[in-house]
Amino acid sequence: MSKYESINPYTNQLIKSYPDATQEEIEQALAAGEKLYLTWRSQLPATRSQLLHQIANTFKKHREEMAKTMTLEMGKLYHESLEEVDLCISICNYYAEKAPKMLEPTPLETTLGTAYYLKQSTGIIMACEPWNFPLYQVIRVFAPNFMVGNPIILKHAHNVPASAQLTEKIIQEAGAPKASLQNLFLSYAQIGDVIADKRVQGVAVTGSERGGSSVAEAAGKNIKKSTMELGGNDPFIVLADADSTILKNVLSDARTYNCGQVCTSSKRIIVVESRYDEVMNILQHTFASLKPGNPLDKETSLAPMNSQKAADKLAAQTKKGIEHGAEVAYQYPEIESSGAFFRPMILTNIDQNNPLFDEELFGPVAEVFKVKDEEEAIALANNSSFGLGSSVISQNKAHAQEVASEIDTGMTVINGRWITAPELPFGGVKKSGYGRELSELGLMSFVNEHLVIDVSK
Ligand code: NAP
């Protein structure tokens, strides 16, 4: 892990460094979290609804400040940062409104007595989050657990410390108890100590396979429940009857939104031969039309990557892939800048022996595969260690649903690119992780389904 540093990837200039948490700060956070959990335990979720609406309103008040902070330290386009804040406001309002009903006891049918199960809070949950959506990743865990009554200790990515601190500040300004969400700049060793602490009852991780397996190992060793939202190599299947307008619209930013750094972005574009040339033309035109620049400027459509390290890693991965036979069908011209830009690229001819075949490329690279027919498309889609999201583009909606059911991923979008909303479950299978965030499924991730049965006659 690097130090906690805010570096503007558009200039590669350091904005600010942040020291690691002290042992005293960690102990204080754990003690405060435990105290709040014990208070919340005896209160109904509905008593927190108003406060969560107020948190949403306070994010609305600080919308521009939050968006600018994210853009400055991880480089996403400013309008995308604003969209992210708006999505988080909707997530808070959704749980504030819906969670009390979802958290009511569930009656159970049995001949043994009167039975039901409660959905109770369990204690402090640690959230280990990545930089690609600095606010959304945190709110996906915070809002449902706030309603359940589980305080959060946040360990955010090392390159978004200002976003982490601002998130904590806004939640407190809304009037939430200080321990509702406590940000700590933890080293990896300290993460292990926090997970092992008996006051911590679960760990929610969003990140790569590397981060996920390390945290999952610590959680497993300490018998702590975990959810793992990890990487993806999402297939985007274009069938012969795909609608041309939909195809064009959907592909317009499928590989460039957030500079391609989306877990569910359409990384493997799998096209039946009859539509191959059309897809290549759309992608090339889309990439060639991009305008690199300052992500805070309205005219910019190609943002820098989140860090120079990430741009270098992607360059090394694609270089290796090309050495193993991948062909560059297109690459954006040179970009005059001291920022962390990566020139968008279209790669073809990636065979199964190529190291890229089963790797996630986290940036603006489209890998395009030509297949004979639908059967081959599905087989290729499933030939992956990952299983996060997928897309199917076809005018025959009933048939597209059948195809969706044959793809080994946690989510499939028909006639669209990746999508997220508070009411829709988010998560994957295989090396993309386990568990779900958002929706009612996500709300239940860290509850105690406490059975109560009265057998008295
Ligand atoms: P990452 O390196 O795994 O980091 C994620 C978080 O885990 C960070 O807070 C990181 O801290 C921490 N971490 C990393 N290695 C660790 C270790 N060995 N021990 C303890 N903590 C560790 O992931 P990333 O590169 O920031 O994020 C991009 C990845 O996230 C991509 O693979 C993307 O697909 C995935 N992602 C998945 C979803 C989903 O919902 N499935 C959503 C978004 C992103 P440091 O920053 O301090 O290293």
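Atoms within a ligand are numbered from 1 in the order they appear, just like the ligands themselves. All values derive from a computational prediction rather than experimental measurement.
Of all the heavy atoms of Phe133, none lies under 4.0 Å from any atom of ligand 1, so neither backbone nor side chain is involved. With a heavy-atom cut-off of 4.0 Å, Ile191 touches ligand 1 through its side chain alone. Residue Arg140 touches ligand 1 through its side chain alone, judged by heavy-atom distances below 4.0 Å. At a heavy-atom cutoff of 4.0 Å, ligand 1 is contacted by both the backbone and the side chain of Lys155.
When each atom of ligand 1 is checked for a heavy atom of Trp131 under 4.0 Å away, the hits are 24 (P), 25 (O), 26 (O), 27 (O). Taking every heavy atom of Arg210 and a limit of under 4.0 angstrom, the matching atoms of ligand 1 come to 2 (O), 14 (C), 15 (N). Near Leu388, meaning under 4.0 Å from one of its heavy atoms, ligand 1 places the atoms 41 (N). For ligand 1, the atoms sitting less than 4.0 Å from at least one non-hydrogen atom of His156 are 9 (O), numbered in the order shown with element in parentheses. Counting atoms of ligand 1 from 1 in the listed order, those under 4.0 Å from a heavy atom of Val215 are 20 (C), 21 (N). Residue Phe426 approaches ligand 1 through these ligand atoms, each under 4.0 Å from one of its heavy atoms: 39 (C), 40 (O). Within ligand 1, the atoms closer than 4.0 Å to a non-hydrogen atom of Asn132 are 43 (C), 44 (C), numbered from 1 in the order shown. Using a 4.0 Å cut-off to heavy atoms of Ser214, the atoms of ligand 1 that qualify are 17 (C), 18 (N), 19 (N).
At least one N/O-N/O distance between Gly207 and ligand 1 falls below 3.5 Å. Residue contacts with ligand 1: Tyr4 is placed with no nitrogen or oxygen under 3.5 Å of a nitrogen or oxygen of the ligand (distance criterion only). The shortest N or O to N or O distance between Lys267 and ligand 1 is not below 3.5 Å. Ligand 1 has no N or O atom lying under 3.5 Å from any N or O atom of Cys263, backbone or side chain.
For Glu168 and Lys178, the salt-bridge test fails: no basic side-chain N is under 4.0 Å from an acidic carboxylate O. Salt bridge status for Glu323 with Lys319: present, with a side-chain N to carboxylate O gap under 4.0 Å. At a threshold of 4.0 Å, the pair Lys397-Glu402 does not count as salt-bridged, since none of the basic side-chain nitrogens sits closer than that to a carboxylate oxygen. With salt bridges taken as basic N to acidic carboxylate O contacts below 4.0 Å, none links Glu367 and Lys267.
Residue contact annotation: Gln261 has no non-hydrogen atom under 4.0 Å from ligand 1.
Annotation: cation-pi geometry not satisfied between Arg268 and Phe236 (NZ/CZ under 6.0 angstrom from ring centroid, within 45° of ring axis). Cation-pi geometry between Lys370 and Tyr276 is met: under 6.0 angstrom from the ring centre, within 45 degrees of the axis.
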Using a 3.5 Å cut-off and no angle test, enumerate the donor-acceptor pairs between side-chain atoms of residues 257-264 and protein atoms at least two apart in sequence or in another chain.
residue : atom : partner : partner atom : Å
Tyr257  : OH   : Glu83   : OE1          : 2.5
Asn258  : OD1  : Lys76   : NZ           : 3.4
Asn258  : ND2  : Asn132  : O            : 3.0
Asn258  : ND2  : Gln261  : O            : 3.1
Gln261  : OE1  : Asn306  : N            : 3.1
Gln261  : OE1  : Asn306  : ND2          : 2.8
Gln261  : NE2  : Asn258  : O            : 3.1

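Defined by atom type and a distance below 3.5 Å, a donor-acceptor pair is missing between the side-chain atoms of Ser445 and Arg436.
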